[in-house]
Amino acid sequence: MQCNEGLGKVKRGNMKKIWSMSTFRLLLLVVAVVIPLNILTLILSSTTVREVEWQISTETRNALKLYMNQIDGAIERITTKMHLLAVEDLDFANINNREITDRKEYYKQLQNVTNLQNTFGDILQDHSLVTGLYAINPDKEFDIIYNKNYYLSYRHGISDYIREFSAYTDPGELRKWKLIELEETGLLIFVAKHKKNYYGAWFELSDLARQMNLTQEDLQFPIILKNEDGSICNLDSIQEDLRLVRKDARYMLIEDKSSYADLYIARILTKGEITSALPAMIKVLQTASFLALAILPLILYFMQKWMIYPMRSLTAAMEEIEAGNMDFRIREPGAGAGSEFAQINHNFNHMMDEVSRLKIDVYEEKLEKQKIRMRFLSQQIQPHFILNTMNILYSYEQEEYPLIQKMILCLAKYFRYIVNANADFVLMHEELDHIRNYFEIQQLRYPKTFFTMVEYDEEIADCLVPPLIIQNFAENAIKHSIKIGNKIDIFIVAQKYGEDAIRIRMLDTGEGMNAELIKKVRRFQETGEYQEGLGLGIQNAIERLGVLYGVQTKCEITRDEPHGTRIEMILPLYHAEGEEED
């Protein structure tokens with residue numbers, strides 16, 4: 001007895017839980033109101049649909065036949081025109097018959113090519129549905145492919161198709177129109193041959209459909225061009241549509257075949273299109289719409305009670321958090337709200353608890369970034385660089401006073417820049433001016449040993465880059481490349497890259513980094529583990545780029561053969577504060 005009472009309580013509890021779900025209530029409301037109206041609509045429409053179905057399908061079939069007759073007419077006219085041109089046109093005959101024996105003959109045939117292209121242009125003006133014409137001699141380099149005034153991505157594909165056709169296809173396949181696909185574009189093409197020249201024309205199915213106004217946007221299933229299995233057409237989703245039609249009796253496929261090719265023009269009719277021609281059904285649907293509007297206030301009331309009020313409570317809680325009240329927690333919804341909102345509120349409160357804990361993690365990550373930055377700053381002033389420079393100053397003779405002045409001026413600029421480079425970013429022109437000054441110091445240290453060029457586009461002069469990021473790689477180039485008796489070139493170019501990035505490239509013609517160092521660079525980029533013998537400067541630069549940009553940056557170091565090192569950095573395009581961002 002007690003067991004039965006327990007089961008009864010569980011069932012009542014489950015029913016109560018289901019009833020408290022807003023989605024269940026809304027579904028129940030739809031079933032109770034909308035479904036009876038739909039059943040009535042179906043009963044009334046089913047008595048009249050069959051009477052007009054045959055008439056509409058007949059009218060559609062006649063319309064498709066008119067479209068196909070227009071296409072067949074265009075095929076017949078362009079076929080006849082191209083055959084006549086192959087036999088009668090002198091430029092075509094010269095390209096076909098005459099061999100290129102000298103430069104004079106070569107230029108004559110170039111003139112024939114130009115004349116034939118002009119002839120193709122005149123033909124296309126008279127045959128508006130044709131997409132393009134071609135004449136190709138596999139033994140010569142002249143591929144005459146002429147199309148309408150728009151970009152043709154598959155131009156080389158046509159040339160390759162004709163040459164493969166000439167090499168492997170049975171001659172019995174000539175003078176037939178075929179459906180092919182080049183670079184995901186459906187084409188109707190024919191290939192003919194006169195002596196050595198292959199010639200023909202093609203229709204692009206999407207262009208053909210557009211010119212014949214077959215792709216009306218207001219139709220759920222526009223008129224389509226396809227082969228027998230539907231794999232070539234002017235709609236990407238039509239194959240799925242055809243499979244749906246064959247399985248579902250609610251759809252009707254009407255089609256007509258071309259007399260010249262395996263080309264079908266088809267239209268999918270739905271029951272909705274058939275019933276749209278029935279005025280009585282439209283009135284019934286209008287009546288049903290008025291009934292739906294009459295009960296709309298009731299539906300809105302329950303939706304507001306079960307969904308809108310709880311959602312407003314959730315929105316108010318989010319506004320409190322946005323205002324800075326991170327300790328705010330949303331209260332549980334009222335008894336009238338669905339159980340889904342109770343789960344949402346619980347997840348929201350749990351999320352805010354996690355955010356509070358993440359604040360500590362963010363602070364620790366900030367400390368880690370500061371540590372990385374301190375390691376970078378510790379590398380800014382290198383004692384050996386200062387000592388070597390001072391030794392050079394000491395070694396100058398008195399009569400070399402101008403060189404001493406120049407060296408001191410360059411050093412002053414150098415130290416002024418690195419001492420003030422205490423931000424994460426500097427302006428591009430400042431960084432590259434510093435690099436020019438750095439190279440000038442090195443040229444005073446190693447006169448007549450290397451040539452440098454540092455250039456950048458003016459449009460990125462005020463964009464932001466990390467300070468001293470390029471100097472690390474410049475030092476490496478000088479360290480690994482300069483040898484007594486050898487002269488090298490070092491090029492640094494900064495340009496805009498796309499719409500929202502910049503590219504900095506550095507190339508030297510010295511010995512370059514060996515394969516082992518290149519492997520260590522890639523290993524460090526993948527693992528982040530310090531690589532012995534690679535050099536702290538390069539690893540520090542790569543680590544800084546990862547901290548500042550994350551996955552938005554790219555740094556690639558490769559070796560040019562037979563010698564030299566190539567470095568390419570792609571960074572996000574940031575402007576200084578106050579400048580317009582790209």
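Reckoned from all heavy atoms, side chains included, excluding hydrogens, waters and symmetry mates.
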Checking Gln539 against Glu543: is there a side-chain donor and acceptor pair closer than 3.5 Å?
no
Determine whether Leu187 and Leu205 make a side-chain contact, defined as any pair of heavy atoms from C-beta on separated by less than 4.5 Å.
no
Thr119 and Phe92, any side-chain heavy atoms less than 4.5 Å apart
no
I want to check something: taking the side chain as every heavy atom from C-beta on, are Met68 and Lys257 in contact at a cut-off of under 4.5 Å?
no
Heavy-atom side-chain contact between Ile492 and Arg505 under 4.5 Å:
no
Answer yes or no: are there more than 12 heavy-atom neighbours, outside Arg522 itself, under 6.0 Å from its atom CZ?
no
Identify the heavy atoms of Ala261 and Leu188 that sit nearest to each other, and give their distance.
CB-CD1, 3.7 Å
Does any non-hydrogen side-chain atom of Leu64 lie less than 4.5 Å from one of Arg267?
yes
Ser258 and Ile75, any side-chain heavy atoms less than 4.5 Å apart
yes
Using side-chain heavy atoms (C-beta onward) and a distance below 4.5 Å, is Ile502 in contact with Tyr456?
no
Taking all non-hydrogen atoms of both residues, which atom of Tyr154 and which atom of Thr185 are closest, and how far apart?
CE2-CG2, 3.8 Å
Could you check whether Lys178 pairs with Asp262 (Lys NZ or Arg NE/NH1/NH2 to Asp/Glu carboxylate O, under 4.0 Å)?
no
Result of checking Leu468, Val454, Ile470 against His434 for side-chain contact (heavy atoms from CB on, under 4.5 Å)
Leu468
To the nearest 0.5 angstrom, please state how far the NE2 atom of His429 sits from the SG atom of Cys463.
9.5 Å
Checking Ile542 against Val521 for the side chain to side chain contact (heavy atoms under 4.5 Å, CB included) test, could you report, in this order, the C-alpha distance in whole Å, the side-chain angles of both residues, the deciding distance, and whether it holds?
CA-CA 9 Å; Ile542 294 174; Val521 169; 4.0 Å; yes
What is the minimum heavy-atom distance between Thr553 and Leu545, and which atoms define it?
CG2-O, 3.8 Å
Which label fits Tyr549 and Tyr574: parallel for a plane angle under 30°, tilted from 30 to 60°, or perpendicular past 60°?
tilted
Take the angle between the ring planes of Phe165 and Tyr198 and call it parallel below 30°, perpendicular above 60°, tilted in between.
perpendicular
Anything under 30° is parallel, anything over 60° is perpendicular, the rest tilted; go ahead and classify Trp177 against Phe190.
tilted
Treating Thr449 as the side-chain partner and Gln443 as the backbone partner, does any N or O pair qualify as donor plus acceptor under 3.5 Å?
no
More than 12 non-hydrogen atoms from neighbouring residues, nucleotides or ligands closer than 6.0 Å to CG on Leu66, yes or no?
yes
Under a 3.5 Å distance rule, please check whether Thr565 uses its side chain to pair with a backbone N or O of Arg559 as donor and acceptor.
no
If every non-hydrogen atom of Leu573 is compared with every non-hydrogen atom of Ala501, which pair is closest and at what distance?
CB-N, 3.6 Å
Do the charged groups of Glu568 and Arg566 touch, with an N to O distance under 4.0 Å?
no
I'd like to know if the side chain of Gln111 pairs up with that of Tyr107 as donor and acceptor (distance under 3.5 Å, no hydrogens or angles considered).
no
Is there a side-chain contact between Arg155 and Tyr134 in this structure, where contact means two heavy atoms from C-beta onward sitting under 4.5 Å apart?
no
Give a yes or no on whether a salt bridge exists between Asp160 and Arg163, defined as a side-chain N under 4.0 angstrom from a carboxylate O.
no
Hey, is the main chain of Asp91 close enough, under 3.5 Å, to the side chain of Asp89 for a donor-acceptor pair?
yes
Is a side-chain N or O of His127 found less than 3.5 angstrom from the main chain of Ile123, in a donor-acceptor match?
yes
Using atom types as modelled and distance alone, determine if a side-chain donor or acceptor of Gln211 lies under 3.5 Å from a backbone N or O of Ser128.
yes
For residues Pro466 and Val426, report the shortest heavy-atom separation together with the two atoms involved.
C-CG2, 4.4 Å
